[in-house]
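These notes are about the structure you will find just below.
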Amino acid sequence: GSLYRNGPGKYELGEKSYFHLFDGLACVHKYAIKDGRVTYYNKLLDTLIFKRAIAENRLYPVFGTADVCSNVFGRLKSMYVRSDLLDNVNVNVVPYADQHLYALTETNMMCRLDPNDLSVLEKINITDAIPSARSTIAHPHVDRDGSWITMGMNLSDKKAPRYEFIRYRGGKEALTAENATKNAELICSLGSSNPGALSYFHSFGLTDNYIVFIEQSMLFSLKDYLLAMLKNQPFSAALIKKEKMPARIHLIEKRTGKIVDKKFITDPFIIFHHINAYETTDDNNKSIVIDLCTYDPHHFDINALSYEGFVSEKTLNQLPLKAMASRVVVPLGEGTSSKDTYCKLNRMHNVSFELPTINYDRFNGRKYKYTYAVNMHSSPLSIVKLNMDDPMDYKERKYADGDGAKELPSEPVFVERPGASSEDDGVLLVMVLADQNDFLSVLDAKTLEEIGRAELPAEARGSFTFHGFFFSGREFYL
């Protein structure tokens, strides 16, 4: 099959450089595996922002970099008029119905790609399908029937901004759809708990019956966004930490869109990635277990995630950038609509844990045991395996060549062995950037022992990636 990965591949234009790690121009990678051989491809996506940036030698605004060539009238206009220039889809690449391949980010745009040569086939503005949704996210859940469940922001409500939860229907409809948005429907619209602001959101949880959404301790402030536009500051300038503000947990019935009329809060934290969520029953008491990669809001600094700091390794061993696996349990039998029910946030282990993955196809939204992630906090960087039933039982595979040369492992992608007999019976695919030759590392998911490696020739270089997936189906196979 093929491993697809996506991330920012080009940061520099002449003497100019994007500031933030999230800002580089999108580059998709593919490792095609067949008969013991691996063929590697990558492609800078031919997006509108890419073409304009190259032609004009101009850094168009993205997450953490401002456009020094812009004017205040153009910036203010962009707040109200949708733009196809926000198509730097550099965060994730996801399949829909095993027919389509999409590159995603957190704006109003997504791109359908050719799974063979990685060219852009179609640029899609999601507001054409759901007019109230101003944005989407890069982490849709793929439900059991192949449907995507995703979300975005709604800034058109005069009373308060809202979160829009959206389903792109799977099943037979998906097989004949022109693109995923042709099967779009609104599941639910949830009002923000914070007047004039939305919680920053990058992902959410999904169980068999519920959408699990958490308003975290970092807000996207509309007032600060307006000020940022006036002062020519980037989007990240509108992200405001609320260190003492409890995180608020919302539950939505997945099939009906009904919001559970109970209030749950937990300790303050900042989050990019959910690990998993599932329902459990103990002595007839039903609960939802929510596992997360959390940052301490007292230390976290979004601007510490700079491209220069990442390349120079100045971000290593810095508390502002240390995520840890955490768990909160929500008792469904408790709680009321008028009073907050407190649910304690528990740190599972003090090891650095970010870009998590699980045996997604079989265990997403269900009780599970193992999760894997990257330690990007301390050198040498490593892949970590946690047993969530016994968090002190963890394994680590460090990446270093022994001669002081650096190696940077990607988010691990779990691939189950055909006929697997246990949850962790499979391999992890890890894209590794190295000072010498980049390589694809294949780890035994039980032991984290490296059982295979495909080295790229020295002239073939990869680039940093955030997310991806492995596809073993014929439609995507080259």
State whether the side chain of Asn42 and the backbone N or O of Arg461 hold a donor-acceptor pair below 3.5 Å, judged by distance alone. yes
Mind running salt bridge (Lys or Arg N to Asp or Glu O under 4.0 Å) on Lys231 and Asp224 for me, showing each step along the way? CA-CA 10 Å; Lys231 297 178 181 179; Asp224 287 276; over 6 Å; no
If you draw a 6.0 Å radius around NZ in Lys242, do more than 12 non-hydrogen atoms from other residues or ligands fall strictly inside? no
Is there a side-chain contact between Asn108 and Leu86 (heavy atoms, below 4.5 Å)? yes
Sub-3.5 Å donor-acceptor pair from the side chain of Asn92 to the main-chain atoms of His139, do we have one? no
Euclidean distance, Leu239 CG relative to Leu198 CG, rounded to 0.5 Å: 11.0 Å
Within 45° cone and under 6.0 Å: Lys241 NZ/CZ vs Phe300 ring: no
Salt bridge present between Asp340 and Arg248 (N-O < 4.0 angstrom): yes
For the pair Glu334 and Lys262, find out whether any cationic side-chain nitrogen is under 4.0 Å from an anionic carboxylate oxygen. no
Can you tell me how the ring of His202 sits relative to the ring of Tyr200, calling it parallel under 30°, perpendicular over 60° and tilted otherwise? parallel
Are side-chain heavy atoms of Ile265 and Met245 found at a separation under 4.5 Å? no
Under a 4.0 Å N-O cut-off, is there an ion pair linking Asp143 with Lys254? yes
Minimal non-hydrogen separation, Pro297 against Ser217, with atom names: CB-CB, 4.5 Å
Using a 4.5 Å cut-off on heavy atoms from C-beta on, say whether the side chain of Leu3 contacts that of His29. no
Separation of Asn276 CG from Ile358 CD1 (nearest 0.5 Å): 3.5 Å
Counting N and O atoms only, with roles assigned by atom type, does the side chain of Glu407 sit under 3.5 Å from a partner on the main chain of Ala400, one being a donor and the other an acceptor? yes
Would you find a donor on one side and an acceptor on the other, under 3.5 Å apart, between the side chain of Thr266 and the backbone of Cys343? yes
Heavy atoms of Asp424 and Ala445 approach each other most closely as O-CB, 3.5 Å
Measuring from atom OH of Tyr102 to atom OG1 of Thr136, what distance do you get when rounded to the nearest 0.5 angstrom? 12.0 Å
CD-CZ distance between Glu243 and Phe269, expressed to the nearest 0.5 angstrom: 15.0 Å
Just to verify, what does Tyr60 make a side chain to side chain donor-acceptor pair (under 3.5 Å) with, not counting sequence neighbours? Glu56, Arg58
Using only heavy-atom distances, determine whether the side chains of Ser189 and Arg162 contain a donor-acceptor pair under 3.5 Å. yes
Please check this pair: side chain of Ser192 against backbone of Ala197, looking for a donor-acceptor N/O pair closer than 3.5 Å. yes
Close side-chain approach of Val328 to Phe264, heavy-atom, < 4.5 Å: no
Would you call Val374 and Val384 a side-chain contact if the rule is heavy atoms closer than 4.5 Å? no
Any carboxylate oxygen within less than 4.0 angstrom of a Lys/Arg side-chain nitrogen, looking at Arg327 and Asp291? yes
Does any non-hydrogen side-chain atom of Ile288 lie less than 4.5 Å from one of Leu332? yes
Face-on cation placement of Arg366 at Tyr368 ring, 6.0 Å and 45° thresholds: no
Counting only N and O atoms by type, is there a donor-acceptor contact under 3.5 Å from the side chain of Thr357 to the main-chain atoms of Val413? no
Report the relative orientation of the aromatic rings in Tyr360 and His141; use parallel for angles under 30°, tilted for 30 to 60°, perpendicular for over 60°. parallel
Worked check of side-chain contact (heavy atoms from CB on, under 4.5 Å) between Asp361 and Phe414: CA-CA 10 Å; Asp361 289 346; Phe414 181 89; over 6 Å; no
Taking side chain as C-beta onward, heavy atoms only, is Leu440 less than 4.5 Å from Ile33? yes
So Arg134 and Glu164, salt bridge (Lys or Arg N to Asp or Glu O under 4.0 Å) or not? Walk me through it. CA-CA 9 Å; Arg134 180 71 179 268; Glu164 307 289 76; over 6 Å; no
How far apart are the C-alpha atoms of Lys395 and Asp393, what are their side-chain angles, what is the distance that settles it, and do they pass the side-chain contact (heavy atoms from CB on, under 4.5 Å) test? CA-CA 7 Å; Lys395 293 179 173 62; Asp393 173 20; 4.0 Å; yes
Other residues, nucleotides and ligands only: do more than 12 of their heavy atoms fall within 6.0 Å of NZ on Lys16? yes
Could you check whether Asp444 pairs with Arg417 (Lys NZ or Arg NE/NH1/NH2 to Asp/Glu carboxylate O, under 4.0 Å)? no
So Glu308 and Ser17, side-chain contact (heavy atoms from CB on, under 4.5 Å) or not? Walk me through it. CA-CA 9 Å; Glu308 188 277 331; Ser17 177; over 6 Å; no
Using atom types as modelled and distance alone, determine if a side-chain donor or acceptor of Ser203 lies under 3.5 Å from a backbone N or O of His274. yes
I want to check something: taking the side chain as every heavy atom from C-beta on, are Asn359 and Tyr370 in contact at a cut-off of under 4.5 Å? no
Quick check: Phe466 with Phe22 (ring centres under 6.0 Å apart)? yes
Rounded to the nearest 0.5 angstrom, the CG-CG distance for Leu45 and Leu25 is 9.5 Å
Evaluate the side-chain contact (heavy atoms from CB on, under 4.5 Å) criterion for residues Ile290 and Ile214: first the C-alpha distance (whole Å), next the side-chain angles of each, then the deciding distance (0.1 Å), finally the verdict. CA-CA 10 Å; Ile290 309 168; Ile214 299 178; 4.2 Å; yes
Do the side-chain N and O atoms of Thr294 and Arg347 include a donor-acceptor pair separated by under 3.5 angstrom? yes
Strictly distance-based, threshold 3.5 Å: is any side-chain N or O of Ser147 a donor or acceptor partner for the main-chain N or O of Gly170? yes
Testing the basics here: between Ile271 and Cys293, what is the closest heavy-atom pair and its distance to 0.1 Å? CG1-O, 3.5 Å
Heavy-atom donor-acceptor pair, Tyr307 side chain to Asp23 backbone, under 3.5 Å: no
Where does the angle between the aromatic ring planes of His250 and Phe213 fall among parallel (under 30°), tilted (30 to 60°) and perpendicular (over 60°)? parallel
With a 4.0 Å cut-off on N to O distance, would you call Glu279 and Lys286 a salt bridge? yes
To the closest 0.5 Å, what do you measure between CG (Leu443) and CG (Leu448)? 6.0 Å
For the residue pair Leu44 and Lys10, what are the closest heavy atoms and their distance? CD2-CB, 3.9 Å
Using the ring of each side chain (for Trp, its six-membered ring), is Phe235 parallel, tilted or perpendicular to Phe220, with breaks at 30° and 60°? parallel
What are the two closest non-hydrogen atoms of His100 and Ala180, and how far apart are they? ND1-N, 4.2 Å
With a 3.5 Å distance limit and no angle check, can you tell me whether Thr107 reaches the backbone of Met109 through a side-chain donor-acceptor pair? yes
Residue pair Glu354 / Ala323: nearest heavy atoms and the distance that separates them: OE2-CB, 4.1 Å
